[in-house]
Structures are given as C-alpha cells and as structure tokens.
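Written below as structure tokens is the structure these notes are about.
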Amino acid sequence: MTELHGAAVVLRTTVPEDVPALATVRETPEVRARWRGGDDMAAEVASDLEDPDTHCLTIRHQDRIVGMIQWYSEEEPDYRHAGIDLFLDPSVHGIGLGTDAVRTLARHLVDDHGYHRLVIDPAADNAAAIRCYAKVGFRPVGVMRQYERGADGTWHDGLLMDLLAAELER
C-alpha cells in the first residue's frame, strides 16, 4: 500500500472502506459541480477504484478523510507522462491542503516513477484550482475549448497545465 507524507496531508492507496467518506465529499455541492455524479455516489466512487488505469489515493488530514487525488499514465515511450486530478472537501478549502496533496503526489511521480512531465486540466473558470496548481509549478499550456460538458448540458473550456520535473516547487 502506497503512503506518501506531505507537510499536512497523508496520501494513501484508497481502499473500499474509504468509499463512504469519499462519497460524502463528492456529494457536497461544490465538488459535485466539478465532478458531477448520479444518485448513488458511493457506487461511482467505488467504480473509480476498479479502473486499472487510474491510481486513487485518499487524502487524509489530521486523521480525517478530506478528499481523493488520482493519477494515470501515458506509457508510450515517446509521449510518457502522468496526469493528476483531485477533489477536496470544501470545509478544508483555502488552507493549502490541495497544494500540499498535489506537491506530494508530484514529488512521488517525478522522484519514484521517473516522470519528466505531469499534466492537470482544471476547468478554465476554476481560479482557485489554477492558483493551487501554479504554486506547485504547473504552468498554463492552453485553453481546451468546449472541453467538458457541464451538468447543465453546455460545454465548458478547460485549461491544460503541465509541469516539467525541473519546475517542481518542492
């Protein structure tokens, strides 16, 4: 089981016992607006754990589950990189836990897995997430127009950001 320690968070491999707490976070209006989900959020979180191409890590702060961060990889040698995504309980927004979680995972992906490039793709209007990722060293690459469909059925832009290993703010 992977366990990574940041300044204030601990990331560990997500296990089925984490699903109820993670589903509760995903059901908050702020998280649901970005991650969406159906009527059975626990089933949706559990299905994330079954995806063999996604590595899910539970974010813990002061012995409480406050979110999940996940990563995937592109292993084609000429394009090898890893991508990150996360959600965090709104009750802990604004105190640096997102930055700590992203930085902790980024260090692991660079130092332990040897990735030279990481990507992340927040909604273009998610200023708080963009600031968080920039603190770790991610830089905007460009706007992906009409990148994702919102809960209202309309298309919304995404911002592609990347981080080269040498740019990681440790």
- So if you build clusters from Ile, Leu, Val, Met, Phe, Trp, Tyr with side-chain heavy-atom gaps below 4.5 Å, do Val31 and Leu97 land together? no
- Message: Is it true that, when you exclude Arg145 itself, more than 12 heavy atoms of the residues, nucleotides or ligands shown sit nearer than 6.0 Å to its CZ?
- Response: no
- Residue Asp152 excluded, over 12 heavy atoms near CG under 6.0 Å: yes
- Message: Treating Thr24 as the side-chain partner and Pro20 as the backbone partner, does any N or O pair qualify as donor plus acceptor under 3.5 Å?
- Response: yes
- Item | Nearest atoms (heavy-atom pairs only) where Ala42 meets Val19 | O-CG1, 3.4 Å
- Determine, for Glu169 against Arg103, whether the closest basic-nitrogen to carboxylate-oxygen distance falls under 4.0 angstrom. no
- Message: What's the separation between atom OH in Tyr115 and atom CG in Leu164, rounded to the nearest 0.5 Å?
- Response: 15.5 Å
- Task: Mark yes or no for whether Thr2, through its side chain, and Thr13, through its backbone, hold a donor-acceptor pair below 3.5 Å.
- Result: no
- Message: Quick check: is Leu11 connected to Ile120 through a chain of hydrophobic side chains (ILVMFWY, heavy atoms under 4.5 Å apart)?
- Response: yes
- Message: Looking at every heavy atom in both Leu163 and Ala106, which two are closest together, and how far apart are they?
- Response: CD2-CB, 4.2 Å
- Hey, does Arg60 have a side-chain heavy atom less than 4.5 Å from the side chain of Val66? no
- Got Leu160 and Pro140 here, is their nearest side-chain heavy-atom distance under 4.5 Å? no
- Task: Identify whether the distance between the nearest side-chain nitrogen and carboxylate oxygen of Asp85 and Arg34 falls below 4.0 Å.
- Result: no
- Message: Looking at Ala129, is its backbone amide N or carbonyl O close enough to the side chain of Asn126 to form a donor-acceptor pair, meaning the two atoms are under 3.5 Å apart?
- Response: yes
- Task: List the steps, then state whether side-chain contact (heavy atoms from CB on, under 4.5 Å) holds for Val10 with Glu3.
- Result: CA-CA 7 Å; Val10 175; Glu3 190 169 285; 3.6 Å; yes
- Message: Show me the pairs that pass salt bridge (charged side-chain N to carboxylate O under 4.0 Å, His left out) and involve residues 14-27, at least two apart or across chains.
- Response: Arg12-Asp18, Arg26-Glu44, Arg26-Asp48
- Message: Does any part of the side chain of Arg139, heavy atoms only, come nearer than 4.5 Å to the side chain of Glu167, both counted from C-beta?
- Response: yes
- Under 3.5 Å side-chain donor-acceptor pair for His81 and His116: no
- Query: Does a side-chain heavy-atom distance below 4.5 Å link Met68 with Phe87?
  - Reply: yes
- Item | Shared hydrophobic cluster, Ile95 / Ile130 (ILVMFWY, side-chain heavy atoms < 4.5 Å) | yes
- Message: As a quick check of understanding, evaluate side-chain contact (heavy atoms from CB on, under 4.5 Å) for Thr154 and Arg149, giving each step before the final call.
- Response: CA-CA 6 Å; Thr154 63; Arg149 190 185 317 262; over 6 Å; no
- Message: Is there a continuous path of hydrophobic side-chain contacts, each under 4.5 Å between heavy atoms, that joins Val110 to Tyr72?
- Response: no
- How about Leu118 and Phe138: do any of their side-chain heavy atoms sit closer than 4.5 Å? yes
- Mutual orientation of the aromatic rings belonging to His108 and His113 [parallel < 30°, tilted 30-60°, perpendicular > 60°]: perpendicular
- Message: Main chain of Val25, side chain of Thr28: is a donor-acceptor contact present, judged purely on distance under 3.5 Å?
- Response: yes
- Quick one: list whatever passes salt bridge (Lys or Arg N to Asp or Glu O under 4.0 Å) with Arg36, sequence neighbours left out. none
- Message: Salt bridge check, Arg80 against Glu74: does any charged N sit closer than 4.0 Å to a carboxylate O?
- Response: no
- The reported gap from CD1 in Ile59 to NE2 in His61 (rounded to nearest 0.5 angstrom) is 11.5 Å
- Query: How far apart are the closest heavy atoms of Ala134 and Met161, and which atoms are they?
  - Reply: N-CE, 4.3 Å
- Which distance, rounded to the nearest 0.5 Å, do you find between the CE of Met144 and the CG of Leu159? 7.0 Å
- Here the gap from Leu22 atom CG to Leu49 atom CG, rounded to the nearest 0.5 Å, amounts to 7.5 Å
- Item | Hphob cluster co-occupancy, Tyr147 + Trp35, side-chain heavy atoms under 4.5 angstrom | no
- Message: Do Ser91 and His93 pair up side chain to side chain, a donor and an acceptor below 3.5 Å, judged on atom types alone?
- Response: no
- Over all atoms of both residues, closest heavy-atom pair of Met41 and Ala23: CG-O, 3.7 Å
- Donor-acceptor under 3.5 Å (Asp100 side chain, Gly6 main chain): no
- Message: Just verifying a value: how many Å separate Leu109 CG and Trp71 CH2, rounded to the nearest 0.5 Å?
- Response: 5.5 Å
- Query: Is a donor on one side and an acceptor on the other found under 3.5 Å between the side chain of Arg117 and the backbone of Ala82?
  - Reply: no
- Note on the structure: When Thr58, Leu86, Leu88 are each screened for side-chain contact (heavy atoms from CB on, under 4.5 Å) with Ile69, the one that passes is Leu86
- Could you walk me through whether Ile84 and Tyr133 pass the side-chain contact (heavy atoms from CB on, under 4.5 Å) test, one step at a time? CA-CA 10 Å; Ile84 299 173; Tyr133 308 148; over 6 Å; no
- Task: Could you tell me whether a side-chain N or O of Asp157 sits under 3.5 Å from a main-chain N or O of Val143, the two making a donor and an acceptor?
- Result: no
